[in-house]
Protein chains: 2
Amino acid sequence: MEPSERADRPVGINDVAARAGVSAGTVSNVLNRPERVSEATRRRVERAIEELDYVRNSSGRNLRSGRSDSIGLVVLDVTNPFFTEVAQGVEDVAAEDGLAVVLLNSAERGDRQRRSARLLAEQRAAGAVVMPVDGDTADLLWLRKQGVSGVLLDRGDVGPEVACSVSVDNLAGGAAAARHLIGLGHERITFLSGPEGLEQCRTRLQGLREGLAEVGLDPEAAVRVVHTAQLNAESGEKAVEEVLAGGPGRRPTAVFCANDQLALGVLKGLGERGLSAPSDLSVVGYDDVATASLVHPGLTTVAQPKYELGCAAMRLLLGELNDPDHTHERVRYTPELVVRGSTAVNRR
Amino acid sequence: MEPSERADRPVGINDVAARAGVSAGTVSNVLNRPERVSEATRRRVERAIEELDYVRNSSGRNLRSGRSDSIGLVVLDVTNPFFTEVAQGVEDVAAEDGLAVVLLNSAERGDRQRRSARLLAEQRAAGAVVMPVDGDTADLLWLRKQGVSGVLLDRGDVGPEVACSVSVDNLAGGAAAARHLIGLGHERITFLSGPEGLEQCRTRLQGLREGLAEVGLDPEAAVRVVHTAQLNAESGEKAVEEVLAGGPGRRPTAVFCANDQLALGVLKGLGERGLSAPSDLSVVGYDDVATASLVHPGLTTVAQPKYELGCAAMRLLLGELNDPDHTHERVRYTPELVVRGSTAVNRR
DNA sequence: CATCGCCATTGACACGTTTCAATGCCGCCT
DNA sequence: AGGCGGCATTGAAACGTGTCAATGGCGATG
């Protein structure tokens with residue numbers, strides 16, 4: 001057996017150069033600007049690369065260029081299908097330009113978001129797509145100050161003078177839910193919200209109220225708000241009791257949840273009490289995650305274009321990276337109501 | 001306003017050194033071995049770091065050390081909650097040791113798995129946790145040859161002489177499902193499998209057969225296999241027709257699905273035909289994803305310790321990274337059946 | 001035949017960090 | 001007082017790559 005590996009020292013560009021009988025610079029050219037090197041030597045170099053199993057060292061490369069060729073995607077909860085679908089969109093578009101995507105999970109925690117931002121800055125990431133915790137854009141701005149272009153996605157808000165952003169019109173989403181429920185004759189609606197202070201929830205609630213006001217209903221009287229600790233199914237399930245109990249007025253005939261996860265929890269909670277949607281309570285969710293169409297009855301929900309959201313964000317980022325004098329853009333989608341079985345006309 | 005940023009050249013360790021009136025080496029020491037530097041200078045350096053907003057460049061650091069401090073996690077489908085829960089486990093354990101996790105999505109495609117492996121090799125990742133596409137461990141082995149320690153997770157198989165691995169006993173899982181269904185009086189069972197050739201599916205099926213044989217039933221007569229194109233809900237929904245049609249014998253009274261996603265699709269498909277589990281068909285899934293407990297009826301399923309799987313894999317990897325003379329281990333979990341409403345005694 | 005220009009290739013340097021042997025300083029012991 | 005040990009700090013080298021001005025060879029042109 002021949003000594004195929006002369007030493008355990010990793011093989012570098014110089015080893016390849018030696019083997020092919022050329023200089024290191026030429027090898028680098030073969031890798032990065034193949035057109036500048038003659039056919040013959042290019043083949044010799046390529047063979048050497050293959051024979052030595054050379055893989056280039058991106059530390060060296062990035063050090064030299066001052067920039068890495070991967071972008072970061074900071075997501076609020078890898079476990080939530082909404083975010084992973086967004087991630088798909090980002091990945092697919094990034095792949096078109098040969099950029100690698102590093103998926104980072106802030107788990108809705110400010111400290112982890114900060115850690116992620118630091119990591120990306122240390123790696124001199126080419127860019128970042130950030131869905132900020134609690135709409136806290138400080139880390140995004142810090143990243144930009146460090147020279148890492150960042151795009152804001154889905155939450156939070158910054159002026160178009162500082163960064164690109166992609167969002168969905170939560171006001172319109174809330175209003176769409178309102179119109180749907182009104183059309184079915186519901187006039188006492190509970191809004192099941194997440195933790196207090198989430199801008200996202202507040203806006204959807206406001207949309208709901210405005211939708212009610214549109215047809216002359218008094219939002220204050222018609223809607224009651226219940227807060228939960230987290231935007232997940234468990235919280236939704238626990239909240240059922242409080243939702244059903246009703247407010248100072250009567251028991252509600254419909255509930256509009258800030259989130260599909262919450263809504264799914266509510267559906268489960270109803271089942272456990274021998275009740276069900278829509279006969280005992282009409283239920284509307286928000287997001288249209290895959291599960292929404294799998295449960296029975298299907299969940300009526302305000303659908304967000306998740307995949308497109310990711311694509312759009314990545315496109316904006318690419319635009320900023322490639323175009324030297326780029327001007328920030330704001331892309332805003334309008335959500336669409338998807339009607340399934342969890343809502344029906346009010347019979348009370 | 002003072003010129004807070006003298007130039008747009010990024011600030012490096014030398015700028016910090018100059019500002020603090022020390023050498024670059026000392027700054028490096030403050031960062032990496034603070035105990036070697038005197039209290040006074042340490043504070044001076046820390047102040048300079050803060051004032052200049054210095055963040056260290058990991059390219060330089062990694063170049064010097066020959067190794068990066070992040071590990072890669074190659075996952076089959078970011079969209080599937082099973083994998084994201086595993087990812088959580090990996091992340092949490094990695095965080096204990098200050099390692100960053102780069103989540104890469106192979107999307108069940110061999111070429112993307114290869115690309116991911118290449119990326120990790122180029123970055124000289126500290127290690128990798130790989131869930132191989134089709135059990136194809138070639139890329140894992142290649143990574144190891146490149147000096148990147150890799151742990152095998154959930155699928156595929158390599159001897160303990162080449163790498164650590166973590167898996168769940170699919171044979172036992174299949175048998176558990178079998179015993180449950182037999183106990184309920186089912187004797188004609190359809191196994192709803194994924195694409196042909198998936199080792200994972202084959203083993204679960206074999207477990208099912210062995211479970212039946214245990215009580216003297218003829219596996220060949222009792223179980224029929226239906227293949228789907230993908231392991232997702234859509235495929236499951238489409239397969240309902242074929243499942244219900246039954247084989248050369250009678251129509252089945254129960255279906256055991258290779259995957260919760262498939263099972264959820266089946267439940268939906270039944271509903272669309274005015275049928276339901278468990279009265280028309282008992283349904284058993286595999287994985288116990290969150291949705292399994294949210295649908296109505298709840299999905300009886302073979303639960304895998306997803307989070308623990310991720311933790312275990314990362315622990316093994318850490319062990320290999322820290323212990324110079326490390327010997328590979330094989331960790332194997334036993335799944336547990338979770339009984340919910342989608343299965344009942346056979347009344348036919 | 002001499003000169004010019006073109007093209008492929010080279011060689012050296014820069015990127016930002018870590019490491020390690022060498023330096024200088026101070027206090028302690030004899 | 002002189003010498004020695006310990007400790008904080010320094011300076012230079014090294015990591016692997018990309019870039020760019022300089023080099024050398026070759027063919028074409030006058």
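Chain naming here is simple, since letters A, B, ... match the order of the sequence lines and numbering starts at 1 in each.
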* Enumerate the residue pairs fulfilling side chain to side chain donor-acceptor pair (under 3.5 Å) with a member in residues 123-137 of chain A, sequence neighbours excluded, ordered by first and then second residue. => none

* Going by the ring-ring contact (aromatic ring centres under 6.0 Å, His included) test, which pairs reach into residues 313-333 of chain B, not counting sequence neighbours? -> B:H326-B:H328

* To do: Applying salt bridge (charged side-chain N to carboxylate O under 4.0 Å, His left out), name anything that partners A:R315, two or more places apart in sequence or on another chain.
  => A:E96

* Structure fact -> Sorted by chain and number, sequence neighbours left out, side chain to side chain donor-acceptor pair (under 3.5 Å) with A:E91 holds for B:N105, B:R112

Listed pairs under 3.5 Å, donor-acceptor, residues 67-77 of chain A side chains, sequence neighbours left out:
{"from": "A:R67", "atom 1": "NH1", "to": "A:A125", "atom 2": "O", "distance (Å)": "3.1"}
{"from": "A:R67", "atom 1": "NH1", "to": "A:G147", "atom 2": "O", "distance (Å)": "3.0"}
{"from": "A:S68", "atom 1": "OG", "to": "A:S70", "atom 2": "N", "distance (Å)": "3.0"}
{"from": "A:S68", "atom 1": "OG", "to": "A:S70", "atom 2": "OG", "distance (Å)": "3.2"}
{"from": "A:D77", "atom 1": "OD1", "to": "A:T79", "atom 2": "N", "distance (Å)": "2.9"}

* Asked: With the sugar-phosphate defined as primed atoms, P, OP1 and OP2, and the base as all remaining atoms, what B/S/- string results for nucleotides 13-26 of chain C, 5' to 3', for protein heavy atoms under 4.0 Å?
  -> -BBBBBB-------

* **Expected output: side-chain A:D97 to main-chain A:L99 donor-acceptor under 3.5 Å** => no

* Taking 5' to 3' order, which nucleotide of DNA chain D is first and which is last to have an atom within less than 4.0 Å of a heavy atom in chain B? -> D:dA8 to D:dG16

* To do: Keeping to residues at least two apart or across chains, list the salt bridge (charged side-chain N to carboxylate O under 4.0 Å, His left out) pairs with something in residues 22-40 of chain A.
  => A:E39-A:R42, A:E39-A:R43

* To do: Please identify each residue that fulfils side-chain contact (heavy atoms from CB on, under 4.5 Å) with B:S28, with sequence neighbours left out.
  => B:I13, B:N32

Compile the donor-acceptor pairs under 3.5 Å between side chains in residues 161-168 of chain B and protein atoms, sequence neighbours left out, one pair per line.
none

* Enter the inter-axis angle for the ends of the helix from C:dC1-D:dG30 to C:dT30-D:dA1 (five pairs per end, rounded to 10°). => 60°

* To do: Just jot down the salt bridge (charged side-chain N to carboxylate O under 4.0 Å, His left out) partners of A:E51, sequence neighbours excluded, or say none.
  => A:R19, A:R47

